[in-house]
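See structure below.
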2 protein chains.
Amino acid sequence: MQIGELARSTGVKIETIRYYEREHLLPVPQRTDGNYRLYTPRHVEQLRFIRYCRSLDMSLEEVRLLIEARDALAGSCRTVNALLDEKMAEVDARVDELRQLQDQLRQLRGLCQQPDEVKTCGILMELNRSAGIDKAQI
Amino acid sequence: MQIGELARSTGVKIETIRYYEREHLLPVPQRTDGNYRLYTPRHVEQLRFIRYCRSLDMSLEEVRLLIEARDALAGSCRTVNALLDEKMAEVDARVDELRQLQDQLRQLRGLCQQPDEVKTCGILMELNRSAGIDKAQI
DNA sequence: CTTGACCATGAAGCCACTTCAGGCTGTTCG
DNA sequence: CGAACAGCCTGAAGTGGCTTCATGGTCAAG
Ligand SMILES: [Zn+2]
Ligand SMILES: [Zn+2]
Ligand SMILES: [Zn+2]
Ligand SMILES: [Zn+2]
């Protein structure tokens, strides 16, 4: 199968596929006489694996580690567990951050109920205040 | 005050300050005879404003809009409200995404309680399964 | 034999910075 | 006066994970 079909059957853009190849995440495919890339079902699987890991917010570097672990013939999966634990901690932390952000944004938004003049807008006044700007001194 | 002191008093890296200048977010400062940048309290305020907006997850483009609105002598603050509403929607959506991610990660992590051999690791098996790879066919 | 779909490459763009290389400025100490 | 050292300057390139662009080759249908 050539690159267009691989792209269609996985929902991954052609350019992204070529990018993964450059990054050594996808095995180098064979070529036709006309220099077209030729993919096998193995490539489809590998590409799906990558995208599933990406959907779990793994970086490409982490995907590389997971592929390595997956293809290892022996050894412990401790690194895989550690990777997931770290990722979970990261996500938890990010959720906390975003929830604080939600509060801040809601509060700020509440300072201007209906669109008014910029000079008296509670939002802009608060933005300036939070930045430590006293209107009088400008 | 020169750039090092501005950096110290705002907690913003020197390179970032120069970057903001290149991006027209900070007014061009005067220079000494030795070509050193010379900042005023006005710059401190503007920089703090930018960083506060950034802490609210605004993009630099959005910060530019907010600065423009703030410095406008007249006009309605409707664009400011719209900007905040959009940002809140974005954050809400992202939180939902991350919560689903948390569930997925927790579930995946549960498949391997203690570090074992990679060949029998529930996590790696599930990663392959989710990517549609049947071990038998490899 | 031309049209049009498909594919190729390398370079550049995106965001918000950070890092690096190589060189000037300005103060202080001997 | 000279050397050491902190501080500043510029322009270019790197980061991640792609996307977009410019330009040109390949191949089947009509
Ligand atoms: Zn390599
Ligand atoms: Zn308002
Ligand atoms: Zn400009
Ligand atoms: Zn395991």
Side-chain angles (χ1 to χ4, degrees), chain A residues 1-26 28-40 43 46-67 83 86-87 90-91 94 97 101, chain B residues 1-26 28-40 43 46-67 83 86-87 90-91 94 97 101:
Chain A
M1 92 191 341
Q2 53 191 48
I3 202 168
E5 197 187 334
L6 177 59
R8 251 171 282 119
S9 70
T10 56
V12 179
K13 285 197 171 191
I14 287 177
E15 295 82 7
T16 307
I17 294 173
R18 287 197 282 246
Y19 171 71
Y20 286 162
E21 182 182 330
R22 274 202 305 283
E23 293 295 309
H24 310 288
L25 282 160
L26 275 179
V28 176
Q30 279 194 279
R31 300 277 184 142
T32 65
D33 289 350
N35 201 32
Y36 286 13
R37 287 172 177 83
L38 268 188
Y39 294 99
T40 64
H43 289 98
Q46 179 90 342
L47 190 47
R48 290 224 176 100
F49 184 89
I50 294 168
R51 296 308 285 196
Y52 181 63
C53 292
R54 292 285 300 127
S55 81
L56 295 178
D57 237 30
M58 303 290 173
S59 70
L60 292 186
E61 189 50 43
E62 288 165 335
V63 177
R64 253 185 285 266
L65 287 177
L66 287 173
I67 287 175
L83 201 157
E86 198 193 326
K87 185 60 55 181
E90 275 172 33
V91 175
R94 184 66 182 145
E97 262 183 44
L101 186 54
Chain B
M1 98 194 331
Q2 52 191 50
I3 201 166
E5 198 188 334
L6 178 59
R8 251 171 282 120
S9 70
T10 56
V12 179
K13 285 196 172 191
I14 287 178
E15 296 82 7
T16 307
I17 294 172
R18 287 197 282 247
Y19 170 72
Y20 287 161
E21 182 183 331
R22 276 202 304 283
E23 294 294 310
H24 309 289
L25 283 160
L26 276 180
V28 176
Q30 279 194 280
R31 300 277 183 141
T32 65
D33 289 349
N35 200 31
Y36 286 13
R37 289 172 176 83
L38 270 188
Y39 294 99
T40 65
H43 289 97
Q46 179 89 343
L47 189 48
R48 290 224 177 98
F49 184 90
I50 294 169
R51 297 307 286 195
Y52 181 62
C53 292
R54 293 282 302 127
S55 81
L56 295 177
D57 237 31
M58 304 289 171
S59 70
L60 292 186
E61 188 52 40
E62 288 166 333
V63 177
R64 254 186 284 268
L65 287 176
L66 287 173
I67 288 175
L83 201 157
E86 198 192 325
K87 185 59 54 182
E90 275 172 34
V91 176
R94 185 64 182 147
E97 262 182 45
L101 186 54

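Predicted model only: the values in this text are computed from it and were never measured. Each chain gets a letter, A, B and so on, in the order its sequence line appears, and its residues count up from 1.
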Which part of the nucleic acid does B:Glu23 contact within heavy-atom distance under 4.0 Å: base, sugar-phosphate only, or nothing?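 Touches nothing.
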Do the non-hydrogen side-chain atoms of [X] and [Y] ever get within less than 4.5 Å of each other?
X: B:Val63; Y: B:Tyr20; answer: no
X: A:Leu66; Y: A:Met58; answer: yes
X: A:Ile50; Y: A:Ile67; answer: yes

Roughly, in whole Å, what's the span from [atom1] in [X] to [atom2] in [N]?
X: B:Gln30; N: D:dC8; atom1: CD; atom2: C1'; value: 17 Å
X: B:Ile17; N: D:dG7; atom1: CD1; atom2: P; value: 14 Å
X: B:Glu21; N: D:dC8; atom1: CD; atom2: C1'; value: 13 Å

Start and end of chain A contact along DNA chain C [non-hydrogen atoms, under 4.0 Å]: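 Using the under 4.0 Å cut-off, the span is C:dC6 to C:dT9.
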CZ of A:Arg51 to OG1 of A:Thr16: how many Å apart, nearest 0.5 Å?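 The CZ atom of A:Arg51 sits 6.0 Å away from the OG1 atom of A:Thr16.
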I need the B:Arg31 CZ to B:Tyr36 OH distance, nearest 0.5 Å.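 Here the rounded value is 11.5 Å.
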B:Glu21 bridged to B:Arg18 by N-O distance under 4.0 Å: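 Salt bridge absent between B:Glu21 and B:Arg18.
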Determine: side-chain N/O of B:Arg37 to OP1/OP2 of D:dC9, distance under 4.0 Å, yes or no.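 Checking B:Arg37 against D:dC9: at least one side-chain N or O falls below 4.0 Å of OP1 or OP2.
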Is there a donor-acceptor pair under 3.5 Å between the side chain of B:Lys87 and the backbone N or O of B:Asp57?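 Yes, the answer is positive, given that a donor and an acceptor are paired below the 3.5 Å cut-off.
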Would you please name every residue forming a side chain to side chain donor-acceptor pair (under 3.5 Å) with B:Glu23, sequence neighbours left out?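 For B:Glu23, no residue satisfies side chain to side chain donor-acceptor pair (under 3.5 Å) once neighbours in sequence are set aside.
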Contact string for nucleotides 17-30 of chain D, one letter per nucleotide 5' to 3', B = base within protein heavy-atom range under 4.0 Å, S = sugar-phosphate only, - = neither, reads BBSB----BBS---
